[in-house]
Each structure stands twice: as structure tokens, then as C-alpha cells.
Amino acid sequence: MAVSKATETKLRDAMRRLLDGTPTRTDGALTKENLAREAGVSHATVHRAEAVLADWNTHVPRPIIRTASETRRDQTIDDLRGKLREANQQITTLNGKLDALAAVTANLYRENQALRRQLGHHTRLALLPVPPEPDNPTQEEDNQ
């Protein structure tokens, strides 16, 4: 997919400014992102301008060296993405177990009802007695 003539002109002018060391909109680093910013176009547009990109790659063949802080940042991002992936997998597993337990509980409840009907028990379940609370000295003071 090609770009318009006007966009290609913007990109070539921006490339010339960056290569000459006279940028107007960026810090002057020779990156494709700066090329896009300098030209005032999107990063995707730079990648659609194949002819301009080929010229750029001939003038800037070396990879851009990242700073130590950028490397640490990228490593942190990768680590966090891994942790997020693991957490999402765990959530999926636990949701599956929860669904299975809900299905088992519903089946047991229905089986219990059917067995009660067979036995002729129509009474409701009796509540278990609640154990008395231990003496609480603060309650006695409040009652007086």
C-alpha cells in the first residue's frame, strides 16, 4: 500500500532534517518513530511508505542501541506480561473448577430432593441449634 505524493514529500523532508541533524519536532534520534513525528504522520504511515522506508534503511542501517533504563523497562514489561498471562491462566482454571463444583452441587441437591420424595419425607430441614456465646465482660457492662 503506497502513500500519497504529499505524504511522501513530508516524509522525505523529515528524513532530510533528521539526517542533517536539524530536526524541528523531535530530539533528533534516528528512529522511525521520530521520522513519523518529524513528518507529522502516524507510525503506520511510515511503514506504508515503502520507498521512503527503503531509503531510510540505507541511510540508517544500524540498529538503535537502547539505554540501560529502556532495557530495564522492557524487561519489567516482559516480566509483568508473563505474570499477567499466568494469572489469567490460573483464573481460567479456577473458573472451570468453580463451574464444575456448581454443577456437582446442583446435581447433589436434585438427587437429595428425589431421595427425600422416595422416602416420603416432606418436612423441611431442621435448623441446628446455635451454641451459646461465651460470657463477654464487655456485654455485661453495657447491659448495666
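Counting begins at 1 with the first residue of the sequence.
Sorted by first and then second residue, the pairs that involve residues 8-30 and meet side-chain hydrogen bond (donor to acceptor under 3.5 Å, both in side chains), not counting sequence neighbours, are Glu8-Arg12, Arg12-Asp55, Asp13-Arg16, Arg17-Glu38, Thr24-Glu38, Thr26-Glu38, Asp27-Asn34.
For the side chain to side chain contact (heavy atoms under 4.5 Å, CB included) with Val46, the lone residue among Val52, Leu53, Thr7 that qualifies is Leu53.
Note: Gln75 CD to Leu80 CG = 10.0 Å, rounded to the nearest 0.5 Å. Atom CD of Gln90 and atom CG of Asn95 lie 10.5 Å apart (nearest 0.5 Å). In this structure, the separation between CG on Asn57 and CD on Glu50 is 11.5 Å, given to the nearest 0.5 Å. Taking OG1 of Thr92 as the reference point, atom CD of Gln89 lies at 7.5 Å (rounded to 0.5 Å). Distance check: Leu84 CG to Glu86 CD gives 10.0 Å after rounding to the nearest 0.5 Å.
Here the closest heavy-atom approach between residue Leu18 and residue Gly28 is recorded as CD2-CA, 3.9 Å. Contact detail for Ser42 and Ala36: the closest heavy-atom pair is O-CB, 3.8 Å. Smallest separation of non-hydrogen atoms from Leu35 and Met15: CD1-N, 3.5 Å.
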Problem - Full working for side-chain contact (heavy atoms from CB on, under 4.5 Å) between Val60 and Leu19 - result: CA-CA 9 Å; Val60 186; Leu19 294 173; 3.9 Å; yes

Practice task
Take Thr76 and Arg73 through the side-chain hydrogen bond (donor to acceptor under 3.5 Å, both in side chains) test and state the conclusion after the steps.
Solution key: CA-CA 5 Å; Thr76 301; Arg73 178 204 62 207; over 6 Å; no

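More than 12 heavy atoms of other residues, nucleotides or ligands shown are found within 6.0 angstrom of CD on Gln113.
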Give the table of side-chain donor-acceptor pairs shorter than 3.5 Å for residues 96-107, with sequence neighbours excluded, one pair per line with atom names and distance.
unit_1, atom_1, unit_2, atom_2, d
Thr105, OG1, Leu101, O, 2.8
Asn107, ND2, Ala103, O, 3.4

